Every structure is written in structure tokens, then in C-alpha cells.
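Below is one structure, written out as C-alpha cells; comments come after it.
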Amino acid sequence: MGEQLNGLKRTHMCGELTVEDVGKSVVVMGWVQRRRDHGGLVFIDLRDRTGIVQVVFSSNTSSEAFEKVQSVRSEYVLAIEGKVVKRTPENINPKIATGEIEIYADSLKILSKSETPPFPIEDKSNVSEAIRLKYRYLDLRRPSMQKNLMTRFKITQVVRDFLNRNGFIEVETPLLIKSTPEGARDYLVPSRIYPGKFYALPQSPQLLKQLLMISGFDRYYQIAKCLRDEDLRADRQPEFTQIDIEMSFVEEEDVLEINEKMIAELFKETLNIEVPLPFKRLTYQEALERYGTDKPDLRFGMELRDLSDIVSQSEFNVFKNALKNNGSVRGINAKSAASMPRRQLDELVEFVKTYGAKGLLWIQVFEDEIKSPASKFLKEEEVRGIVRRLDAKAGDLILIVADKDEIVFDALAHLRLAFGKRLNLIDESKYEFLWVVDFPLLEYDEKEKRYVARHHPFTAPKDEDIDLLEKEPLKVRAKAYDMVLNGVEIGGGSIRIHSSDLQKRMFKVLGFSEEKAWERFGFLMEAFKYGAPPHGGIAYGLDRLAMIMTGSDTIRDVIAFPKTQNAVCLMTDAPSEVSEEQLKELHIRVDL
RNA sequence: GGCCCAAUAGCUCAGUUGGUUAGAGCGCCAGCCUGUCACGCUGGAGGUCGAGGGUUCAAGUCCCUUUUGGGUCGCCA
């Protein structure tokens, strides 16, 4: 059994001791990073969340502590009392912050023993994620994970401080709410009291924050857990955290302005990076035309070019068909990639097929010739026009997709990203922010045969487009905006509808009967009757923000206890079966 | 739901054309060592080759099924 503290108090953190502390008697507590046993002399590297300090055990200093340290192993939890001593110059270790000093141990308490951990607690070992997740509490001892979670804490701290200073009020909203249609699949919670009825866990506090505006809270924020029962990705977890913000008596400009100020302050305070204001802005349409995506990575160029006009009279069937079907022909220029081997070019064809493209056409531009599998179908002037449009020089590789716009954009956007990485065009130290604005309000859902809200059903249309709502719904632009950082959508929001009439029209366009709309959103429509201020807001994906700001590849690395791709917690083994009794109480019969 | 990758010692991996007793590094255990800091030296222990089935004289290796982890398309207002 471990020893008790018995009144012993920690005086210093391991990583914070410096030459200033030389001569002091200190008490440090932490975990054994490593033991180096030299027989008559034992070194212990003691670790806490601030860093590592070397402790020296010798029978000359304390024979009792020296005897005791013989049994100490990795990850034992120790309390050490000793004297801080300056190291002789040849013994200084420049690799650690406390390398100029060490502690001569006078006494040692073994607070807790440890079995040998299943993997070493250090950053350089690359352990499989499954094992890290099973022993997450050990994984979190690693300095990089400690740093990630501390950065995440710092982010919320700076954001809270900014919002508090600017008159925002933090309000909590419930986790057990009413299931509403639209959007992601809900996580459901059975009601014990009402057999057959269910609560839903919130996909976001959207409606509740709008109701808080109607309540007059004016400026609200919350760091809120959100839950969506959908398939997972590197940047998607079933539960994630939003920085949720809503303001009254504002228009789009007001929301954008205060939010970019907040983000600039966040990057200054957290990473000491100056973010130039205002952010760049692209309309949704422009983002698509130039980058093929509504979340472009602006750290490199390689923009898309429309080639449709150049090949409008082309005899090449692939082009002809695409244009005939109201699609387009577009391309990008992968600089200096012309000599890519055939095998790799063929892989690119497979790559674009995952995005629905039927094929990919390439043109290799060399000093004295231009090679392309389609050269016999393309007129010389067409090839010349394409080369000129894409500013292609000798050594460049032109990649062209012809199809419906949607597919062309998607395929080229992913090609652009792939080549950005492959050609090393992305400066990893850069942070390129932008707003994407003027999103379409609606899109047509082929499966459901109806219009669905692109953002959510409460998003306001642009004033000048309101009249198109019933006539040409797809042309209506929304007062909606996304904040994009390095190709990642880190936040998104909108100005909301605050009139019952407009909201009713919106529901109608979405194909909800008045009855159904009332059944689902009656509480909101009722609330609109009693004076709703103009309002709008934004929600940030805190996990994604923290992922980027820590340089992580997945949001799992900035979440203390994440789940696997199959939504399982490897540490606790959730989800798990429950007892018959529990099910019975909830009036649930399992049908497998 | 589809596609792709992976699974061999505690960890990270190698394992040839199917062929003897499955290896390495780190870690672990024991001994020695007073200036190491990824300490060193000597010795040792440690394997359901993810699971099940099949082909074969013979399977870690080939085939089928399946489980788990990761990536991705669909999905995620």
C-alpha cells in the first residue's frame, strides 16, 4: 500500500524549478518518468504536468531514501523532499527546462506503486490509437496530450473572457429536449414516466438560444455539448462541443465584426499570432468557382478555371455531353507535375471517381510537346486555349473534369487539396481565415423530393431575395455565413427569421403542413407572437478549432475521452447492455 | 450501407517462393556499476501470428468468412 502524505505539502511543480531555487529545500510530487540506477547513485526523473526534474539519490545524502528508491519503478507516484542544487557545467542537460539544476533527495515517500504501463509515457513513441484509447488516462499523461488539453482550456478561457467583457451572458440550456425533424439523427432518451415517449439530446442549442433572445437576454453564449447520431470521421465525434453565440438587434455585419475580433484576440492570446482584420470574404458562388468548395484552403493558389467556353464547340464527347447536360468543363494547373508517371495518373482517375466523376483528363505540358490521352479529339486551338487559360508553362500538369457542376467542383476541390499537399504548397505555419457568405437558403433533396434548408429552417433569406422564396426557391440566398480556417469550417451561423409570417412561409416551402410545423415547432412559433427581436449568431466547433490550434490531425487528440469510429468508448466499453429491470422500467423491449 | 488500409512478444515492427525450434529494437526481470539524463555491461523471461473455416504432406505466409482499429464515399440542417 502507498504511503500517506501525513501533512506533507508540495512546494514546487517539477518543471518550474530554476537556478533561482538553488539552495532551497523543496517538496515535489509526481510520477517516475525514468530511473537510472548506477549502483551507488540513482537518478529519478520526476514528472508532473509542468515538466520533468532530475532527483539524485545517494547514500551520502540520505541512506534511508537511497534504500527506499531501490524498489521504485516507472510511473510510481512519489513525494520527494530535498535540496535544489546547481549542476556542474558538464552535467547540465540542455534538453529539459530544469536541466541546470537537480534535487538531492533527503526523503522519499512512495505514494503509489504502478504496474509497468502498457506503453511508455512519452511523446516520441507512436502507439496505436486503440491502445491509447483503452488506457486513455495513461495516454493523457503524455506531454503532448497535456499540452493539447491545456490549449483547449486556454481557448475557452480567452473566449469566455472576451464574451464576458462584451456583455454576453452565459446561459445553460437543457440536454433533455424535444426531438425535432430536419438535420442529423437524434440520440434519444426514453422517458420512464411517459411510456413510449422520448427526449432527444440536442444537436445544438439552436432553438433554445433563439428563445433566449425572445426572453431579452440580448447577448448569449454557451460552451455547449452537442450530440449527433451520425457516422464518424477524423473531425467528427458523436458528442462534440460548440461555442454557441447569439445576439439581438444585429445584422449580418455586426455578427461578423465582433466574431472576427474575438478570433483575432483568441489567436493573439493563445498562439501569439496576429490575425489581420477584417477577414477576407468570398461569396458561396465565388468560393465554388475558384476553389470548388465552400471551405477553401487559402494557404495556396491553384485555383479552378472554367474552360467551358473554350471547348463549347468541341467534338470531344466527354466535353460535349457535360455541356449539353448543363454541366461544365473546368480544370486546375498542378505546377511542375507534368512528368508524373502514368501509374500515378491512373490513380488520380480512381481518386476523382470517388467523388462521382466519370473520369479525369490530363494534359502534360512539356518544353517541346503537349501530351494528352485526348489529343486526337481536341483541336489544337482548344488545347492552346486551355493551356493559356490555366497559365500553364513547360513542366505543368493540367487536370480537367467535365460533368455536372456539383461533381466537377467536388472532384477538382479534392484534387487541388491533394496536389497542394503533394507539391508541398501548403505553409503549415500559416493561418488563413475567411468568411464565406451568401449561401443558398435551400437545396433540393432528391431522395425526399422536396426543398430542405441548407443551414437550418430558421435562417433568414436575404431581403432582396425574399420574393423569390415561392417562385425560384433555389435562387434565394441566405443571411448565412461560415468562418473557414485553412480549409476547415470552424464556425457557421446566420441571421434568423424573427417574424412568424416569414417563418410560416419558410416551413411551407420546406413542405411542412401548417399542422406539422405547429406540432414540431409550435413553441417557437408561439414565442414569435410575443415580440421577437431581430437576432442572429454563430456556433464554433470548439474541437476543430482546438485541433487546428494544436496542430493535431484529429479532434480525438483534443478530447479527453473520445470514442472510436464505431462510436465505442474503448476505456469504459460503452455502449453496453443494461439489465432487464432497467429496460422494463423504461417500457422498452429490445428487438434484435 | 459501400470502398481502401492494418492486425505477429507489453510496445513498435521484420518475417523471402508455403518448408526445421517465428526474429529484432525498446520495455520487463535478475546481477554489476557514483554523474547518468534514450546511462552502460552481463544474463534471463516473454507468442492463441485478431478469431473461425478451407486448400495443402506442410499455412504467420494462399483462399473464404468474421471481429476490431483507422481512412474515406454516402450521411453529418
Side-chain angles (χ1 to χ4, degrees), chain A residues 33-46 52-61 66 73-75 85 87-96 98-99 102 104 115-135 138 180-186 203-204 206-207 226-238 240 347 350-357 407 410-411 414 418 439-443 445 447-448 451-459 478 480 489 492-494 506 510 539 541 553-554 556 563-566 568 570:
Chain A
Q33 178 67 34
R34 194 166 259 112
R35 178 184 69 126
R36 288 178 296 280
D37 185 348
H38 286 241
L41 195 64
V42 175
F43 298 99
I44 294 285
D45 288 342
L46 197 71
I52 281 175
V53 66
Q54 171 165 283
V55 186
V56 187
F57 291 82
S58 146
S59 47
N60 294 343
T61 316
F66 182 72
R73 295 293 181 272
S74 286
E75 300 307 315
V85 178
R87 296 199 199 184
T88 56
E90 67 275 18
N91 281 328
I92 286 174
N93 180 1
K95 289 184 207 160
I96 59 174
T98 60
E102 57 194 357
Y104 278 40
E115 288 188 15
T116 304
F119 54 86
I121 312 300
E122 58 194 17
D123 284 338
K124 61 174 173 288
S125 59
N126 63 322
V127 180
S128 78
E129 206 173 346
I131 291 165
R132 288 174 53 201
L133 289 179
K134 178 170 179 195
Y135 300 95
L138 298 181
T180 54
E182 302 283 284
R185 193 177 296 115
D186 282 325
Q203 296 173 27
S204 81
Q206 180 59 39
L207 294 175
C226 304
L227 300 103
R228 295 176 189 178
D229 188 4
E230 296 290 350
D231 288 348
L232 308 182
R233 290 284 190 283
D235 61 353
R236 267 195 250 156
Q237 282 276 301
F240 60 99
E347 280 169 17
E350 291 310 305
F351 179 75
V352 297
K353 279 181 180 168
T354 60
Y355 304 103
I407 289 171
D410 204 22
H414 282 94
F439 279 83
L441 183 70
L442 302 157
E443 55 196 2
D445 187 317
K447 257 198 311 239
E448 290 194 50
Y451 295 103
V452 295
R454 212 197 139 83
H455 187 52
H456 57 55
F458 319 106
T459 302
E489 180 204 326
S494 63
M506 180 73 178
L510 293 175
D553 294 322
T554 153
R556 294 189 294 275
K563 295 184 175 55
T564 68
Q565 192 161 74
N566 293 314
V568 168
L570 293 180

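Proteins get letters first, then strands, A, B, ... in listed order; numbering begins at 1 in each. Please read all numbers here as calculations on a predicted model, not as lab measurements.
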Assign [X] to base, sugar-phosphate, or nothing according to its heavy-atom contacts below 4.0 angstrom with the strands shown.
X: Q206(A); value: base
X: R132(A); value: nothing
X: R228(A); value: base
X: P120(A); value: nothing
X: Y355(A); value: sugar-phosphate
X: N126(A); value: sugar-phosphate

Kindly say whether, by distance alone, the side chain of [X] makes a donor-acceptor pair under 3.5 Å with the base of [N]?
X: N566(A); N: G69(B); value: no
X: R236(A); N: C75(B); value: yes
X: R87(A); N: C37(B); value: yes
X: D37(A); N: C33(B); value: yes
X: R185(A); N: G74(B); value: no
X: E115(A); N: G10(B); value: no
X: R34(A); N: C37(B); value: no
X: N93(A); N: U36(B); value: no

> Atom CD of E350(A) and atom P of G2(B): how far apart are they, to the nearest Å?
Replying inline: 19 Å
[N] and [M]: how far apart are their [atom1] atoms, nearest whole angstrom?
N: G23(B); M: U66(B); atom1: P; answer: 34 Å
N: C57(B); M: G44(B); atom1: C1'; answer: 38 Å
N: C63(B); M: A24(B); atom1: C1'; answer: 31 Å

>> Could you work out, with salt bridge (charged side-chain N to carboxylate O under 4.0 Å, His left out) as the rule, every residue matching E122(A), not counting sequence neighbours?
In response: R34(A), K124(A)
>> I'd like to know if R236(A) pairs up with E230(A) as an ion pair, taking the criterion as any Lys NZ or Arg NE/NH1/NH2 lying under 4.0 Å from an Asp or Glu carboxylate oxygen.
In response: no
> Does Q203(A) make a side-chain N or O approach to OP1 or OP2 of C76(B) shorter than 4.0 Å?
Replying inline: no
> For the side chain to side chain contact (heavy atoms under 4.5 Å, CB included) test, which of L46(A), I44(A), I52(A) pairs with Q33(A)?
Replying inline: I52(A)
>> Could you tell me if Q54(A) and N93(A) have a donor-acceptor pair between their side chains, going purely by distance under 3.5 Å?
In response: no
> In terms of the angle between their ring planes, are F458(A) and H456(A) parallel, tilted or perpendicular, with boundaries placed at 30° and 60°?
Replying inline: tilted
> Do we count H38(A) as stacking onto U36(B) if the rule is ring centres under 5.5 Å and planes under 30°?
Replying inline: no
>> Using a 5.5 Å cut-off between ring centres and planes within 30 degrees, is F119(A) stacked on the base of C11(B)?
In response: no
